[in-house]
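Inspection log for the structure reproduced underneath, given as structure tokens.
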Number of protein chains: 2
Amino acid sequence: MKKLYLKDIAKNLNVSTTAVSLVLNNKGDENKISQDTQQKILEYAKRHNYVANSLARGLSRGKSETIGLIIPNISDDHYAKIAGHIERKAKEYGYVVMYASSNKDPKNEAKLIQSMINRQVDGLILASTQHNSEDIELLKDNKLPFVLIDRLYPEIDTNYVVVDNFEGVQKATKHLLNLGRRKIGFVTLKPGLEAMRQRLLGYQEALKEFNIDPSDALVKELSNVDYKDEIKEALGELVRFPNSVDSIIFSTHYLTSLGLRELRRLNIKVPHEVAIVSFDELGAFDLVDPPITSIKQPGADIGDFSVDILMDEIQGNESGINKTRMLKPSLIIRKSCGAL
Amino acid sequence: MKKLYLKDIAKNLNVSTTAVSLVLNNKGDENKISQDTQQKILEYAKRHNYVANSLARGLSRGKSETIGLIIPNISDDHYAKIAGHIERKAKEYGYVVMYASSNKDPKNEAKLIQSMINRQVDGLILASTQHNSEDIELLKDNKLPFVLIDRLYPEIDTNYVVVDNFEGVQKATKHLLNLGRRKIGFVTLKPGLEAMRQRLLGYQEALKEFNIDPSDALVKELSNVDYKDEIKEALGELVRFPNSVDSIIFSTHYLTSLGLRELRRLNIKVPHEVAIVSFDELGAFDLVDPPITSIKQPGADIGDFSVDILMDEIQGNESGINKTRMLKPSLIIRKSCGAL
DNA sequence: TTGAAAGCGATACCAT
DNA sequence: ATGGTATCGCTTTCAA
């Protein structure tokens, strides 16, 4: 089967390439191509299974019908879920998505953005994690439509879809406080990650509302690279005198997994001795012993909304659609917090 | 910042576009462009942050430096992990990846393949699930290099990277048998999925080795769409007289999760009354109560090898690299099988 | 209604 | 060593 090109079909049908192109792009009517010709072309194309080379089309129209997705790590539950929804939604618009993982490295991130730009993506969804605005400049310079997820820059005007990290943790912390817990530890990652900062603030705010002084000793900020090792020591310190926490909030699902393993190793009863709450979930958290109380992010909405917004930007619609979304996470109460 | 094109830099430097293109593609030396000119061009390009439009380049060279990835569902743990490795590896070759989810629908799959072809991907990694070879024909017709993962066609000559589903389940089944279990249920998805068939065969083979007649009553094949409902009934039947299984193997991680929830609802003690083993893992399976014995797939290897093979194909190397790989899954023994 | 022809931005062949 | 220029496949303007 030899490849069939636009000009082949024009030649074989004795019409111009213009006609063929127009008809195949559904512009036959508005350009008053006769019904006869249209039928002929359409049929021929269908019968021979013609499809345009989208590189050529893209080059010609200045549009690739591709969007880029840059996230810390596609293998992570949270991002994988979002990626799934982004793809499904993008497909509705006839778009396909290219993804790339930044591994939380800002340098990497900048490179990836540049790479996406070269590849002429029509828009970008960026789950940048570092609070670093160079990449944003890059995008603005290139006039590339984009939507931020997982992060927002209050000081810059951007489109974004984020979850309310602050409120999520605040609610969870208050939940623990209402259950009578008073020495609440907070295990998180070092700042840089804006989302992490918000989560910490939510924790501190809740404590203040209960007139408890947030103690630095109860907050453990782990390095983004060595957290697997550091968490052991951190937990050791939290459960030992003089800290002796009665509960711990982990700021992300993988810290929860790691933490729970370590608590077991230390032979600490959850939730009896130490209650725990996780920000974000892993697939089997409801089956864990004990089932993990979690702050759940609306992954589907994050994906869907970000694509909707992006498409709106790409199409240049000044439609009424909101270009920013602050979504609410929900607290799923299970046994690990000591409530049930 | 106005966009800079190849011809701009040629004009500004008073050289030909040819020279610029050659130099920028590291073909300066082999084409004997003077060092002076080369320096000039390189510097100018760097200083002005020039990068080629890859659509144009792709059109011109007939290569997009993009590979396509078609999988049932990127949100699934298993595929997300593979996708991560594929991307990392592809990046090493200067490639970027486009993904699309087929949702296990063969029609969908064919469409996606066509779409990838239109988009001029240089190669395709396909985790097709249905035993349907039309898509393979499509690929061969288009002479598009591809690698199959998760499936193989013994009768067709293709590149593939698969895990030994048969042996994995066989090993797990024998493990249960060696622990004294005799009435082993098998919960899986309806055939069509080649991998699923292999798993079933592995189960049956192990039973035979122990001189046990594989009973159809102990095998529950659920529909790909309604498995969430069907599994409840299936489990009810398995644990009730006359079946009364003493153990169950679930042929995929999400069936395990669902199944475990149902067993709990039925108040059945795992592993005491019914031991369970899962094919494939979910992130927190080691934390579940009881920790789940699982047959673990080498996701990293699947991803890495498939890209290596694909790149070899794309580059047309007739190098010695093996174009097929049969990887071994490993049995991770935890408490749910009753061993510990 | 239809078609010729000029792009889109880069590559690479063929001269010089 | 360097430069013109045809070419990749499609879109789109403009004239007929």
Side-chain angles (χ1 to χ4, degrees), chain A residues 2-42 44-45 48-66 94 117-122 142, chain B residues 2-42 44-45 48-66 94 117-122 142:
Chain A
K2 231 187 95 265
K3 196 87 181 109
L4 183 75
Y5 298 114
L6 181 53
K7 64 174 168 217
D8 296 327
I9 119 162
K11 197 176 299 167
N12 295 342
L13 253 32
N14 271 315
V15 295
S16 72
T17 57
T18 311
V20 180
S21 171
L22 252 23
V23 171
L24 260 23
N25 285 296
N26 282 317
K27 293 179 184 159
D29 287 337
E30 72 193 60
N31 287 75
K32 310 192 185 171
I33 306 277
S34 73
Q35 291 308 315
D36 264 17
T37 313
Q38 295 209 37
Q39 278 314 315
K40 226 171 33 176
I41 293 173
L42 252 15
Y44 191 94
H48 292 76
N49 230 302
Y50 170 79
V51 270
N53 174 327
S54 56
L55 252 38
R57 151 185 286 208
L59 178 59
S60 175
R61 304 203 308 186
K63 255 177 184 293
S64 61
E65 311 214 280
T66 301
I117 293 175
N118 304 348
R119 282 167 183 279
Q120 313 300 119
V121 297
D122 293 346
N142 280 276
Chain B
K2 232 186 96 268
K3 195 87 182 112
L4 183 73
Y5 299 114
L6 182 55
K7 64 174 167 215
D8 295 327
I9 117 162
K11 196 175 301 170
N12 295 343
L13 253 34
N14 269 316
V15 295
S16 72
T17 57
T18 309
V20 179
S21 172
L22 253 22
V23 171
L24 260 23
N25 285 295
N26 282 318
K27 294 181 184 158
D29 287 339
E30 71 192 60
N31 287 74
K32 311 192 185 169
I33 306 279
S34 73
Q35 290 309 316
D36 263 18
T37 314
Q38 294 210 37
Q39 277 314 315
K40 223 170 38 175
I41 293 174
L42 252 17
Y44 191 94
H48 292 75
N49 230 301
Y50 169 80
V51 270
N53 175 327
S54 56
L55 251 38
R57 152 184 285 205
L59 178 59
S60 178
R61 304 203 308 188
K63 256 178 183 292
S64 62
E65 310 214 281
T66 302
I117 294 175
N118 304 348
R119 283 168 183 279
Q120 313 298 121
V121 296
D122 293 345
N142 281 275

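Quick note on labels: first sequence line is chain A, next is B, and so on, each numbered from 1.
Between R61(A) atom CZ and dA6(C) atom P the separation is 22 Å, expressed in whole Å. A straight line from CG of N25(B) to P of dA12(C) spans 7 Å, rounded to a whole angstrom. N118(A) has its CG atom 13 Å from the C1' atom of dG9(C), to the nearest Å. Between the C1' atom of dG9(C) and the CG atom of L4(B) lies a distance of 12 Å, rounded to the nearest Å. To the nearest angstrom, P of dA5(C) lies 15 Å from NZ of K7(A). Whole-Å rounding puts the L59(B) CG to dG7(C) P distance at 17 Å. In this structure, L24(B) places its CG atom 16 Å from P of dG9(C), rounding to the nearest Å. Atom CG in N26(B) sits roughly 12 Å away from atom P in dT11(C) (whole-Å rounding).
In this structure, CD in Q38(B) is found 8.5 Å from CG in L22(B), a value given to the nearest 0.5 Å. Here OG of S54(B) is found 11.5 Å from CG of L59(B). Values are rounded to the nearest 0.5 Å.
With D122(B) contributing its side chain and E65(B) its backbone, the two residues share a donor-acceptor pair below 3.5 Å. Between the side chain of N53(A) and the backbone N or O of L55(A), at least one donor-acceptor pair lies under 3.5 Å.
Among the protein residues, N14(B) comes within range of the sugar-phosphate backbone only, with heavy atoms under 4.0 Å from sugar or phosphate atoms but none that close to a base. Here K63(A) lies out of heavy-atom contact (under 4.0 Å) with every strand.
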Notebook entry, point to check: What's the verdict on side chain to side chain contact (heavy atoms under 4.5 Å, CB included) for R57(B) and N118(A), showing C-alpha distance, side-chain angles and the deciding distance?
Noted result: CA-CA 10 Å; R57(B) 152 184 285 205; N118(A) 304 348; over 6 Å; no

Next item on the list: Show the numbers, then the answer: is there a side chain to side chain contact (heavy atoms under 4.5 Å, CB included) between Q120(A) and T66(A)?
Entry: CA-CA 8 Å; Q120(A) 313 300 119; T66(A) 301; over 6 Å; no

Next item on the list: Before giving the answer on side chain to side chain contact (heavy atoms under 4.5 Å, CB included), spell out for V23(B) and K40(B) the whole-Å C-alpha distance, their side-chain angles and the decisive distance to 0.1 Å.
Entry: CA-CA 10 Å; V23(B) 171; K40(B) 223 170 38 175; over 6 Å; no

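Applying the side chain to side chain contact (heavy atoms under 4.5 Å, CB included) criterion to T37(B), with sequence neighbours excluded, gives V15(B), I33(B), S34(B), I41(B).
Taking each heavy atom of N31(B) and K27(B) in turn, the nearest pair found is OD1-O, 2.9 Å.
First and last contacting nucleotides of DNA chain D toward chain A (any atom under 4.0 angstrom from a heavy atom, 5' to 3' order): dG9(D) to dT13(D).
Of the residues in residues 30-37 of chain B, N31(B), K32(B), I33(B), S34(B), T37(B) come within less than 4.0 Å of DNA chain D through at least one heavy atom, sorted by number. Contact check of residues 15-23 of chain B against DNA chain D (heavy atom, cut-off under 4.0 Å) returns V15(B), S16(B), T17(B), T18(B).
Taking five base pairs at each end of the helix from dT1(C)-dA16(D) to dT16(C)-dA1(D) and finding the rotation axis that steps the C1' atoms of four pairs onto the next four gives two axes whose angle is 50°, to the nearest 10°.
Applying the side-chain hydrogen bond (donor to acceptor under 3.5 Å, both in side chains) definition to pairs two or more places apart or across chains, those involving residues 4-20 of chain B are N12(B)-Y44(B).
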